[in-house]
> 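Would you mind keeping the following structure in view while I ask a few things?
Whatever order the structure lists them in is the order used to number ligands and atoms, beginning at 1. We use all heavy atoms of the structure for the numbers below, so side chains are in, but hydrogens, waters and symmetry mates are not.
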Amino acid sequence: MENIRYEKQGAVGVLTICRPKVLNALNKATLEELDSVLEEIENTPELSCVLLTGDGEKAFVAGADIAEMMELDEAGAYEFSAYGSGVFRRLESLDIPVIALVNGYALGGGCELVLSCDIVLASSNAVFALPETTLGVICGFGGTQRLAKRVGEGNAKRLIFTGDRIGADEALRIQLCDAVYAPESLWEAGMALAKRIGKNPKYAVINAKKAIDTDKNTLEKEGFQAESRFFSQCFRAGKANGHLRVFLERKK
Ligand code: CAA
């Protein structure tokens, strides 16, 4: 695998998104690798918890890959969004808990990845945003469906309509993350939490997660499909593509 590092540390699966040159942005190939690692995790009964983070000190994940998105037409955009959304739902549906360690930028698809995890620990330098609207698109990996459940509808709409970035303290205040640590302590805190969870009988933790997530698991697919549809409509007649190009050409 080129874009994901995956290793087992005892009963903890450690998954690192690893495209540092583009701040771990998610292209289709990375989503495919993530999907296959999730399959491996599903088939590894000795695991009790997963830690998910981004490579390097600057970013968790800076979103979906804008260069790849810029080339999409409406049909391709629907396919990209539906595929990513499906992978994130697979992550969310793992029976064991997933802890996000947000070690920097968690923007767009990166923030949506965070929202698909059970517990979110952030470093004090974490930055969260759903900047899609500033790029002429909308969330495509479940953000419109999940954000309000975590932070309430008003906060969700404020963040999605403005695209504004917030720091770790504000994220903690609105419960977009669950705890904040100094950058050098984040990893240790995540591993300690994973091990603490792993001390409990696994079936009990799994049943607890299933019970808490009953609503999520019975959610109609409709919301996610609608999001992919509205995401792809942004690409009609090349509307979004022009805005995405502005980001990529900003340094010229
Ligand atoms: N896609 C592709 N490339 C990206 C990227 C992304 N999402 N984010 C960063 N990069 C690339 C940059 O283009 C740059 O590449 P070059 O060195 O070749 O120019 C490299 O990563 C480093 O980034 P910057 O030079 O921009 O670093 P910075 O410190 O000045 O800024 C940043 C960091 C604020 C995260 C800025 O890179 C940024 O705003 N990135 C885009 C974030 C974003 O808008 N994400 C949402 C994407 S849309 C989405 O996710 C849709 C969806 O839900 C499906």
> For Q175, look at atom CD and say whether over 12 heavy atoms of other residues, nucleotides or ligands are found less than 6.0 Å away.
no

> For atom 4 (C) of ligand 1, grab the closest protein heavy atom and report residue, atom and distance to one decimal in Å.
V22 O, 3.9 Å

> If you measure every N/O of A67 against every N/O of ligand 1, is any gap under 3.5 Å?
no

> From atom 8 (N) of ligand 1, is the closest protein heavy-atom distance below 4.0 Å?
yes

> Indicate yes or no: does K209 engage D118 in a salt bridge with an N to O separation below 4.0 Å.
yes

> Verify whether one side chain among Q225 and E227 offers a donor that lies under 3.5 Å from an acceptor in the other.
no

> Of the choices L113, T133, L23, L135, which has the non-hydrogen atom that lies closest to atom 44 (O) of ligand 1?
L135

> Taking atom CD of E57 as the centre, report whether more than 12 heavy atoms of other residues, nucleotides or ligands fall under 6.0 Å from it.
no

> Just to confirm my output: which protein heavy-atom neighbour is closest to atom 13 (O) of ligand 1, and how far is it?
R250 NH2, 3.6 Å

> Could you tell me whether R165 approaches ligand 1 through its side chain, its backbone, both or neither, with non-hydrogen atoms closer than 4.0 Å?
side chain

> Just to confirm my output: which protein heavy-atom neighbour is closest to atom 38 (C) of ligand 1, and how far is it?
F247 CE1, 3.6 Å

> Surrounding CZ of R196 (heavy atoms of other residues, nucleotides or ligands, distance under 6.0 Å), is the total greater than 12?
no

> Would you confirm whether any non-hydrogen atom of the protein falls under 4.0 Å from atom 17 (O) of ligand 1?
yes

> Decide if atom CD of E188 counts as having more than 12 heavy atoms of other residues, nucleotides or ligands within a radius under 6.0 Å.
no

> Taking E170 first and then R158, would you say they form a salt bridge - that is, a charged N and a carboxylate O separated by under 4.0 Å?
yes

> Can you name the atoms of ligand 1, numbered from 1 with element, that are less than 4.0 Å from a heavy atom of L107?
35 (C), 42 (C)

> Give the residue, atom name and distance (to 0.1 Å) of the protein heavy atom nearest atom 48 (S) of ligand 1.
M69 CE, 3.5 Å

> Verify the cluster assignment for V102 and I4: are they in a single hydrophobic cluster under the rule of side-chain heavy atoms below 4.5 Å apart?
yes

> Any carboxylate oxygen within less than 4.0 angstrom of a Lys/Arg side-chain nitrogen, looking at D35 and R90?
yes

> Might you confirm whether atom CD of E153 has over 12 heavy atoms from other residues, nucleotides or ligands at distances under 6.0 Å?
no

> Counting each atom of ligand 1 from 1 as listed, which ones have a heavy atom of E112 under 4.0 Å away?
52 (C), 53 (O)

> Please work out which of A64, A59, G142 has its closest non-hydrogen atom nearest to atom 54 (C) of ligand 1.
A64

> Tell me: protein heavy atom nearest atom 25 (O) of ligand 1, and distance?
K251 NZ, 2.6 Å

> Give a yes or no on whether K195 atom NZ has more than 12 heavy-atom contacts from other residues, nucleotides or ligands under 6.0 Å away.
no

> Report the nearest protein non-hydrogen atom to atom 1 (N) of ligand 1: residue, atom name, distance rounded to 0.1 Å.
I66 N, 2.9 Å

> Any idea which of S81, G63, A62, G108 brings a heavy atom closest to atom 43 (C) of ligand 1?
A62

> What residue and atom, counting heavy atoms only, is the protein's closest point to atom 27 (O) of ligand 1, and at what distance?
K58 NZ, 3.5 Å

> I'd like to check L26 versus V61 (side-chain heavy atoms, cut-off strictly below 4.5 Å). Are they in contact?
yes

> Looking only at distances, please establish whether an N/O atom of ligand 1 is found under 3.5 Å from an N/O atom of G109.
yes

> Can you tell which of K21, E227, E132 gets a heavy atom nearest to atom 20 (C) of ligand 1?
K21

> Say whether P131 and ligand 1 are in contact under the criterion: heavy-atom distance to a ligand atom below 4.0 Å.
yes

